Amino acid sequence: MTTASNDSAPEGFDPVRRRFLSTAAAAAGVALAPGVMLYGITRPTPASARPLDEAVSPTVRWGMLIDVNRCQEGCDKCVTACAEENGLTGHGRPRTDAQWIRKIEITDPASGASKSLPVMCQHCADPPCVDVCPTGASFKRADGIVLVDKHTCIGCRYCMLACPYKARSFVHETLSDQKSHAPRGKGTVESCTMCVHRIDAGRTPACVEVCNAEAGGAMMFGDLNDPDSEISKRIATYATTQIRADLGLDPGVRYQNL
Amino acid sequence: MKATRFSELEGNSSGFWGLLLLLGAVLAAGLGAAGYMEHFGHYVTGMDNQIVWGMPHVFAVFLIVAASGALNVASIGSVFGRTPYKPLGRLSSLVAIALLVGGLTVLVLDLGRPDRLIVAMTKYNFKSIFAWNIYLYIGFLGVVALYIWMQMERRMNRFVPAAGLVAFVWRLALTTGTGSIFGFLVAREAYDSAVMAPLFIAMSFSFGLAIYILVLMAACRGAARELGDALIARLGRLLGIFAAAVLYFTIVQHLTNLYAAEHAGVERFLLVEGGIYTGLFWGGQVVLGGLLPMALVFRKTDKPGARVALASMLVILGGMAQVYVIIIGGQAYPLTLFPGMEVQSTFFDGVVAPYTPSLPEIVLGLGGMALAGLVILLGMKILRFLPDSLADAAIDPHHRAAE
Ligand code: SF4
Ligand code: SF4
């Protein structure tokens, strides 16, 4: 098995191997850890899917481009799709329920003009959450996706304080009905995974899919490192912005017409 | 001057046993509270996804900051060679260890997964200041334990100044590390200030000494050992100076933050419009925890005991208020994602987050304090921490009764 050159994961920690092992275990329906039971899943494997024994490519950087003009006020299809896809069932307690993606309405106090846009983990190239995490549970994959390893997160919540985008949630209570492809754990922190399980199977994130199929088509997903990708071309052609670009974190989620 | 004699507490009075039981009960309640929060999950606390560090962190940070400060008395004696402080060194080291143990216990029990403590001890991300702090804390316990041993073991006495110096430097690093936990949060405007580290050092001097004074007075009274008025007045004046230093760095902290125009919002929030935080800042930290204790200790009297004790209690209360404002107030103020814009969302963007500490959180924090108290009490019972006499004439050759 090839080893991923993961530039931010701690030494001795190989997320690829771990993921490979957990997928292998999942296929057999093995309990990985007390309380975390993974069941066999049928994985769609289109031609573009990354074989499971192959490392995450460090030449790819997954990202998103959101065209704010096409995002409709009041529409929250991406939010519902995310909750559905990742099993984010709420308990009717908005302050403690998890939210990986949210809609923000912004209004310019001078002109009164308002816009509506989704905000989720921005998958920063220099993620403060990864820098501060004491155990290395927060890590960045070689392809730019920032994740939390549910097995090493101790729930200190320092990453939540460090994230400038309020992108992370802490699991405040006992969970039920988890999705096997998106394991969660009480007492640990989580955030948008960019639907890593879908990406690894050659599909697009659930929010992007639903936005294009059923709503304004405001979200685009692709490889920021590939100059020929649709997303790179759009970024090269149109003016795009990053939220809090002044912080210099180089987020992987970009906005157009913001 | 005669060498100071130390002895264990007799520990057979009803007062001793009563205190032991009380502290034990509070500790048990604290552990129960932690178990309760763990079982149901953190939604039973006042914390949520906007205020992620609540009351337990206020207690824990206060205790950890105070721990390093409590060691000062020992440092003044052995590093800076001030004779009257020398007999106080052992107890000072004990208080330092006890406070750190208490604070760390609260910190760990408030984790989402305290059962994974072993992960925290074995997997380090060396970029994380938090991980560095784990080293600093554990090292501090070791260094101070060694320091105590050298103070107690006659053959080792000659190493005391060296060990004292190591401990002193270590404690400065530890406090700087604790302060930096906040300094590293680039996006949190309240913490974006270079004086966070010196501020925390001043806080540690002040809180640690206040706790030390109270422990010393209580121990001497309980064990019927003499405690000179001149010594108490001297410690009191030192406390006044430290309290002034905290105020000074607080002013610098807010002035530098005000100077950065983009932080005007959070400053106005904390200093003027923040409701509870503004009240705690001016009333709790500045007046009760700063100006009043200074007024109390700098007044010359023959019987300074009551004033110094009161001043110490006020410094502790003011210190808790200060840590509360820093930790909770700093989180309550919303993050700015879109400067200059009005924002609204289902995830409470752009609004000040409300927070009310829940009972289990407070009980857990008090449990940590009780644990610190137990360590001190049992330490004094088992080993020779407390001098037989701290009468002014016994500890200071230059003391004149007429002073
Ligand atoms: S948006 Fe927040 S959680 Fe996501 S990578 Fe950046 S700092 Fe980390
Ligand atoms: S809560 Fe988990 S992921 Fe976040 S910093 Fe702590 S250990 Fe790391």
Side-chain angles (χ1 to χ4, degrees), chain A residues 8 10 12-13 76 79 91 93-99 102-110 114-115 119 128 130-139 151-158 160-166 168-174 185-189 243-244 246-247 249 258, chain B residues 38-45 47-53 107-108 110-117 119-120 122-134 181-182 184-188 191 262 330-331 334-350 353-354:
Chain A
S8 51
F13 176 77
D76 64 352
V79 179
H91 297 81
R93 286 185 266 270
R95 293 207 157 267
T96 48
D97 283 343
Q99 259 193 62
R102 63 193 193 272
K103 283 293 299 287
I104 302 188
E105 323 289 336
I106 59 174
T107 312
D108 185 344
S114 69
K115 287 176 174 170
V119 174
V130 172
D131 285 349
V132 302
C133 176
T135 63
S138 285
F139 68 99
H151 298 280
T152 40
C153 173
I154 55 175
C156 70
R157 317 190 282 286
Y158 194 23
M160 297 179 74
L161 275 174
C163 172
Y165 303 101
K166 218 155 117 40
R168 297 202 148 184
S169 293
F170 178 70
V171 182
H172 281 80
E173 42 200 307
T174 312
K186 179 168 88 171
T188 65
V189 167
I243 302 179
R244 289 302 305 267
D246 57 313
L247 296 173
L249 306 176
L258 182 58
Chain B
E38 225 51 60
H39 178 74
F40 289 100
H42 273 62
Y43 89 92
V44 298
T45 70
M47 289 175 261
D48 54 29
N49 281 326
Q50 359 295 320
I51 305 277
V52 301
W53 284 0
L107 203 63
V108 167
D110 184 52
L111 290 176
R113 296 293 305 258
D115 53 313
R116 288 193 181 155
L117 184 59
V119 175
T122 50
K123 282 192 184 295
Y124 286 107
N125 165 19
F126 287 100
K127 267 183 121 176
S128 168
I129 181 76
F130 223 67
W132 281 101
N133 273 309
I134 298 175
I181 288 181
F182 299 96
F184 269 75
L185 302 172
V186 284
R188 300 274 169 180
Y191 307 141
E262 69 271 24
Q331 293 174 85
L335 283 169
T336 310
L337 263 63
F338 305 96
M341 294 286 189
E342 282 163 9
V343 296
Q344 208 190 334
S345 82
T346 50
F347 206 51
F348 311 100
D349 285 276

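Bear in mind the structure is a predicted one, so any value in this text is a computation, not a measurement. In what follows, chains carry the letters A, B, and so on, assigned in the order in which the sequence lines appear, proteins first and then strands, with residues in each chain numbered from 1. Values below: every heavy atom of this structure, side chains too, minus hydrogens, waters and symmetry copies.
With Asn49(B) contributing its side chain and Asp97(A) its backbone, the two residues share a donor-acceptor pair below 3.5 Å. No side-chain donor-acceptor contact under 3.5 Å links Trp132(B) to the backbone of Pro134(A).
In terms of heavy-atom pairs under 4.5 Å with chain B, the best-connected choice from Val132(A), Asp108(A), Ile154(A) is Ile154(A). In terms of heavy-atom pairs under 4.5 Å with chain B, the best-connected choice from Lys166(A), His91(A), Lys115(A) is Lys166(A). Annotation: maximal heavy-atom pairing with chain B below 4.5 Å, among Asp131(A), Val79(A), Val171(A), occurs at Asp131(A). Taking Ser169(A), Pro94(A), Ala162(A) one by one and counting their heavy-atom pairs under 4.5 Å with chain B, the maximum is reached by Ser169(A). Of all the listed residues (Arg157(A), Lys186(A), Glu173(A), Met160(A)), the one sharing the greatest number of non-hydrogen pairs under 4.5 Å with chain B is Arg157(A). When each of Leu337(B), Val343(B), Thr122(B) is checked for heavy-atom pairs under 4.5 Å with chain A, Leu337(B) comes out on top. Ranked by heavy-atom pairs under 4.5 Å with chain B, the list Thr96(A), Thr107(A), Asp76(A) is led by Thr107(A). With respect to chain A, the highest number of heavy-atom pairs below 4.5 Å among Leu107(B), Ile134(B), Asp110(B), Ile129(B) belongs to Asp110(B).
Looking at Leu249(A), neither its backbone nor its side chain comes within 4.5 Å of chain B, counting heavy atoms on both sides. When heavy atoms are compared at a cutoff of 4.5 Å, Arg244(A) approaches chain B by way of both its backbone and its side chain. For Leu111(B), the parts lying near chain A are the backbone and the side chain together; criterion is any non-hydrogen pair under 4.5 Å. Pro339(B) touches chain A through its side chain: at least one heavy atom from C-beta onward sits under 4.5 Å away, while N, CA, C and O do not. Interface remark: Asp246(A) contributes no atoms to any contact with chain B (heavy atom separation under 4.5 Å). For a residue to count as touching a neighbouring chain, one of its non-hydrogen atoms must lie under 4.5 Å from one of that chain's; by this rule Val119(A) touches chain B with the side chain only. Using a 4.5 Å cut-off between heavy atoms, Gln331(B) touches chain A through its side chain atoms alone. The contact between Ile181(B) and chain A is made by backbone and side chain atoms together, counting heavy-atom distances below 4.5 Å. For chain A, the nearby part of Phe40(B) is the backbone; its heavy atoms alone come within less than 4.5 Å.
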* Stepwise, does the side-chain contact (heavy atoms from CB on, under 4.5 Å) test hold for Arg113(B) with Thr188(A)? -> CA-CA 7 Å; Arg113(B) 296 293 305 258; Thr188(A) 65; 4.0 Å; yes
* To do: Show your working on side-chain contact (heavy atoms from CB on, under 4.5 Å) between Val52(B) and Arg168(A) and close with a plain yes or no.
  => CA-CA 10 Å; Val52(B) 301; Arg168(A) 297 202 148 184; over 6 Å; no
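With a 6.0 Å radius and a threshold of 12 heavy atoms from other residues, nucleotides or ligands, Glu105(A) has its CD atom above the threshold.
When all heavy atoms of Arg116(B) and Thr152(A) are compared, the pair lying nearest together is NH1-N, 4.0 Å. Between Ile104(A) and Ser345(B), the closest heavy-atom pair is CG1-CB, 3.9 Å.
Every residue meeting the ring pair (Phe, Tyr, Trp, His ring centres under 6.0 Å) condition with Phe182(B), not counting sequence neighbours, appears here in chain and number order: Tyr191(B), Phe200(B). For the ring pair (Phe, Tyr, Trp, His ring centres under 6.0 Å) test, residues two or more places apart in sequence or in another chain that qualify with Phe170(A) are His172(A), His42(B).
Counting only heavy atoms from C-beta outward, the side chains of Phe139(A) and Asn125(B) never approach each other to under 4.5 Å.
How far OH of Tyr165(A) is from CG of Leu335(B): 10.5 Å, rounded to the nearest 0.5 Å. Atom CZ of Phe184(B) sits about 14.5 Å away from atom CG of Leu161(A), to the nearest 0.5 Å.
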